[in-house]
A.B. asks: 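Here it is: the structure, laid out below.
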Amino acid sequence: MPLAHLSILPDSLTTTSDSTGQFSVRIRPGEKVLQVTYVGYEIFQQTVLVKGNTEFFITLKVKVDQLNEVVITGKRNTLQEIFESNQTS
C-alpha cells in the first residue's frame, strides 16, 4: 500500500512506504515494536526481535466499522400544492 505509515519504537523512527508499499529502514538490532497504519485498515502492531538484516512481510486487515441505521424521509408535493405555491397575489 503506497504511503502507509511505519513507526518503530523505542527508536521513534517514522517513515512512509514507497509506491509499491515497501519500507526500507536502518535500525540497530534489538527488540522493536513495529506499527503500520493506513486509512481504512486496522492498525498493525507487533513486537519483533531484529538481528542484522531482517525482512518482514506485513498484511493489513480492512477495518470494518459497524454503521448505525440510517433513516431517510422525504415528502412528495402533489400537483395541487405545486400549483398553489406558484400562484402570485
A.B. asks: Could you list the residues that satisfy side chain to side chain contact (heavy atoms under 4.5 Å, CB included) with T20, not counting sequence neighbours?
C.D. replies: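 Checked T20 against side chain to side chain contact (heavy atoms under 4.5 Å, CB included); matches are D18, Q22.
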A.B. asks: Among residues two or more places apart or on two chains, list those pairs meeting side-chain hydrogen bond (donor to acceptor under 3.5 Å, both in side chains) that have a residue in residues 1-17.
C.D. replies: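 Residue pairs passing side-chain hydrogen bond (donor to acceptor under 3.5 Å, both in side chains), neighbours aside: D11-K32.
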A.B. asks: What residues join V33 in its hydrophobic cluster, counting side-chain heavy atom gaps under 4.5 Å, either direct or through other members?
C.D. replies: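 Cluster partners of V33: L9.
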A.B. asks: For residues 21-31, pull every pair meeting salt bridge (charged side-chain N to carboxylate O under 4.0 Å, His left out), keeping only residues two or more places apart or in separate chains.
C.D. replies: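 Listed by first then second residue: nothing to list.
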A.B. asks: Which pairs, with at least one residue in residues 37-52 and sequence neighbours excluded, count as a side-chain hydrogen bond (donor to acceptor under 3.5 Å, both in side chains)?
C.D. replies: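 Sorted pair list: Q35-Q45.
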A.B. asks: Please tell me whether F23 and L3 are part of a single hydrophobic cluster in this structure, the criterion being side-chain heavy atoms less than 4.5 Å apart.
C.D. replies: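 No.
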A.B. asks: Can you name the nearest heavy-atom pair linking F44 to T59, along with the distance?
C.D. replies: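 Result for this residue pair: CD1-O, 4.4 Å.
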A.B. asks: Is there a chain of hydrophobic side chains (I, L, V, M, F, W, Y, each step under 4.5 Å between heavy atoms) that links I8 to F56?
C.D. replies: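 As far as the 4.5 Å side-chain criterion goes, F56 and I8 are connected within one cluster.
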A.B. asks: Does one hydrophobic cluster hold both V39 and M1, with members joined at side-chain heavy-atom distances below 4.5 Å?
C.D. replies: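 No, because V39 and M1 fall into different hydrophobic clusters, even though each may have its own neighbours under 4.5 Å.
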A.B. asks: Do V36 and I43 touch side chain to side chain, with heavy atoms closer than 4.5 Å?
C.D. replies: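 No - every pair of side-chain heavy atoms lies 4.5 Å or more apart.
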A.B. asks: Does F57 sit in a hydrophobic cluster with other residues, and if so which ones, taking ILVMFWY side chains as linked at heavy-atom separations under 4.5 Å, directly or through other members?
C.D. replies: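 In the cluster with F57 there is nothing else; it is isolated.
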